[in-house]
Amino acid sequence: MKIVIAHQTIIDGDAIGHDIQGMYHALKRGGYEVYIYGEYNYLDPSEYRHATLDQLISLVLDSGNLFIYHHSNYWQRGEKLLDIADCKVVIRYHNITPSRFFKPYSDHYYSILQQAEKQTDRLVKRKDFLWLGDSQYNCREVVAKGVAPSRSVVVPPFHNIERMERVAPDHETLEKLLDGDRINVLFISRMAPNKGHKAIVQTAAAYKRMFGSRVRFWVVGDTDKQLKRYNTEMSLWIKKYGLQELIVLTGKVSCPSLKAYFMGSRVFLCLSEHEGFGVPLIEAQYYRLPVVACDATAIKETLGDNQLIFDRFDEELVASAIHAVATNEQLACSLADQGWSNYQSRFAPKVLEKRFLELIQSLQNGR
């Protein structure tokens with residue numbers, strides 16, 4: 001059985017790219033002949049076997065092969081490939097961010113995500129596809145759309161978290177974080193309207209009002225020119241509450257700087273409204289950084305048991321939780337230990353690889 005993994009865009013450095021890389025290397029170690037295809041493929045061809053479009057078509061027309069299709073956005077060519085595929089098909093479902101989040105900010109993203117939502121509705125009608133969700137949340141979503149429960153399986157995404165162990169933290173960033181006796185609160189995500197940045201601003205304002213200004217909220221993540229309206233709105237919100245000194249929007253950072261932010265922070269905060277999984281959550285747990293979060297979509301599921309998660313957002317409750325974690329070492333250590341255990345038991349690379357290869361073996365055996 002030959003296996004081809006495909007996604008519209010494949011790059012090193014984002015969550016889907018890391019999942020594809022992890023799948024590829026796991027399958028290679030499992031003895032499979034593996035190819036990758038991306039309409040826009042930026043992985044090193046000396047490390048990964050790239051398929052041309054003609055090769056891909058040949059592979060998916062062979063009933064003895066397996067096609068792993070990563071679905072995260074609208075991909076016209078991808079759907080055409082699925083239409084002609086005569087082999088076994090696995091849809092790796094990363095979830096589609098609801099288009100409603102983007103309607104006020106970007107006509108482009110609103111349109112693309114609407115198309116993606118409609119594409120999902122078409123794909124779930126294929127009774128022969130197996131859906132491989134990043135989370136139970138993702139699987140429940142496609143089952144609600146008509147996929148048989150027996151045709152949906154959870155295997156969390158591969159990641160490159162432990163690769164950062166080989167990277168030295170950026171000393172300048174670490175010194176900046178540790179300069180002074182303040183509480184550093186970290187959030188990592190691209191600037192996008194589903195990520196809960198407004199709630200972070202409200203939380204920072206509540207913290208300042210209740211506990212003072214010895215805190216910094218570090219919001220690490222790239223900005224998008226297509227979301228200029230959203231970026232401007234966030235800047236205005238920060239100014240409205242007078243939080244220019246408390247909230248720092250760093251933009252995109254290097255891997256050494258990212259490691260420094262994990263090492264120099266006391267709390268990881270997640271108030272996102274939509275996550276199909278949430279790799280930064282388990283990054284925080286790997287670095288033993290206590291997490292404060294609100295329950296939405298897959299967040300609670302990803303964080304696991306005995307974590308500090310609120311059923312709904314209340315800025316004063318969240319601010320109080322941040323302060324409690326940052327000033328109570330016993331509480332912080334307990335959360336960190338539970339988070340580390342959650343990572344090791346569910347998301348460590350060996351755990352993911354074993355689960356994934358067992359699934360592939362069952363498909364090869366016709367189960």
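Position 1 is the first residue of the sequence; numbering continues from there. In this text the structure is predicted, and so the values were computed from the model without any measurement.
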Looking only at side chains, do Glu39 and Tyr37 share a donor and an acceptor under 3.5 Å apart? no
Check Asp181 with Arg266, please: is the shortest side-chain N to carboxylate O separation under 4.0 Å? yes
Parallel, tilted or perpendicular: ring planes of Phe268 versus Phe262, cut at 30 and 60 degrees: parallel
May I ask you to decide if the ring planes of Phe187 and His197 are parallel, tilted or perpendicular, using 30° and 60° as cut-offs? perpendicular
Is there a side-chain contact between Thr120 and Lys145 (heavy atoms, below 4.5 Å)? yes
Within a 6.0 Å radius of atom CD on Glu165, are there more than 12 heavy atoms belonging to other residues, nucleotides or ligands? yes
Between His323 and Tyr207, ring centroids under 6.0 Å: yes
I'd like to know if the side chain of Asn231 and the backbone of Leu227 have a donor-acceptor N/O pair within less than 3.5 Å. yes
Under 3.5 Å, is there a donor on one side chain and an acceptor on the other for Asn184 and Arg182? yes
Establish, from distance only, whether the side-chain atoms of Glu117 and Ser99 form a donor-acceptor pair under 3.5 Å. yes
Any side-chain donor paired with an acceptor under 3.5 Å for Ser235 and Thr232? no
Please round to the nearest 0.5 Å and tell me the distance separating atom CD1 of Ile91 and atom CG of Leu132. 10.0 Å
Is Tyr137 reachable from Leu271 through a run of hydrophobic residues whose side-chain heavy atoms are each under 4.5 Å from the next? no
Whether over 12 other heavy atoms sit under 6.0 Å from Glu172 CD: no
For the ring pair His70 and His94, is the centre-to-centre distance below 6.0 Å? yes
Compare every heavy atom of Leu177 with every heavy atom of Ala260, then report the nearest pair and how far apart it is. O-CD1, 3.3 Å
In terms of hydrophobic clusters joined by side-chain contacts under 4.5 Å, are Ile5 and Leu359 together? yes
Are Glu275 and Lys195 close enough for a salt bridge, meaning some N to O gap below 4.0 Å? yes
Is a side-chain donor-acceptor pair under 3.5 Å present for Tyr24 with Arg29? no
Would you indicate whether Lys300, at its atom NZ, is surrounded by more than 12 heavy atoms from other residues, nucleotides or ligands within a distance under 6.0 Å? no
Going by atom types alone, do Gln361 and Asn365 pair a side-chain donor with an acceptor below 3.5 Å? yes
With a 4.0 Å cut-off, would you call Arg92 and Asp19 a salt bridge? yes
Measure from NZ or CZ of Arg229 to the centre of the six-membered ring of Tyr105 and say whether it is under 6.0 Å with the direction within 45° of the ring axis. no
With a 3.5 Å distance limit and no angle check, can you tell me whether Ser63 reaches the backbone of Asp86 through a side-chain donor-acceptor pair? no
Going by heavy atoms in the side chains, are Met210 and Ser320 under 4.5 Å from each other? yes
Tell me the closest heavy-atom pair linking Asn65 and Cys87, and the distance in Å. O-CB, 3.1 Å
Tell me whether the rings of Trp75 and Tyr69 are parallel (<30°), tilted (30 to 60°) or perpendicular (>60°). parallel
Answer with yes or no whether the side chains of Asp44 and Ser46 bring together a donor and an acceptor at under 3.5 Å. yes
Going by atom types only, do Asn95 and His274 share a side-chain donor-acceptor pair under 3.5 Å? yes
Are Phe277 and Phe347 close enough that their ring centers fall under 6.0 Å? yes
Output yes when Glu79 and Arg122 qualify as a salt bridge under the 4.0 Å nitrogen-oxygen rule, no when they do not. yes
Main-chain N/O of Val154 paired to Arg355 side chain as donor or acceptor, under 3.5 Å: yes
Salt bridge check: are Arg288 and Asp337 linked by an N-O gap of less than 4.0 Å? yes
Under 6.0 Å between ring centres: does that hold for Tyr286 and Trp340? yes
Side chains of Tyr287 and Glu283 only: does a donor on one sit below 3.5 Å from an acceptor on the other? no
As a quick check of understanding, evaluate side-chain contact (heavy atoms from CB on, under 4.5 Å) for His50 and Tyr35, giving each step before the final call. CA-CA 6 Å; His50 293 202; Tyr35 300 79; over 6 Å; no
Considering only Ile, Leu, Val, Met, Phe, Trp and Tyr, and joining two whenever side-chain heavy atoms are under 4.5 Å apart, list the other residues clustered with Tyr42. Ile11, Tyr40
Report, as yes or no, whether the 6.0 Å neighbourhood of atom CD on Glu329 holds more than 12 heavy atoms from other residues, nucleotides or ligands. no
In terms of side-chain heavy atoms, does Tyr261 have a donor or acceptor partner in Lys176 at a distance below 3.5 Å? yes
Test your reading of the model: is there a side-chain donor-acceptor pair from Ser272 to the backbone of Asn194, 3.5 Å cut-off? yes
Count I, L, V, M, F, W, Y as connected when their side-chain heavy atoms are under 4.5 Å apart, and connections chain through other members. Are Ile183 and Val318 then in the same cluster? yes
Criterion ring pair (Phe, Tyr, Trp, His ring centres under 6.0 Å) against Tyr109, the qualifying member of Phe101, Phe102, Tyr74: Phe102
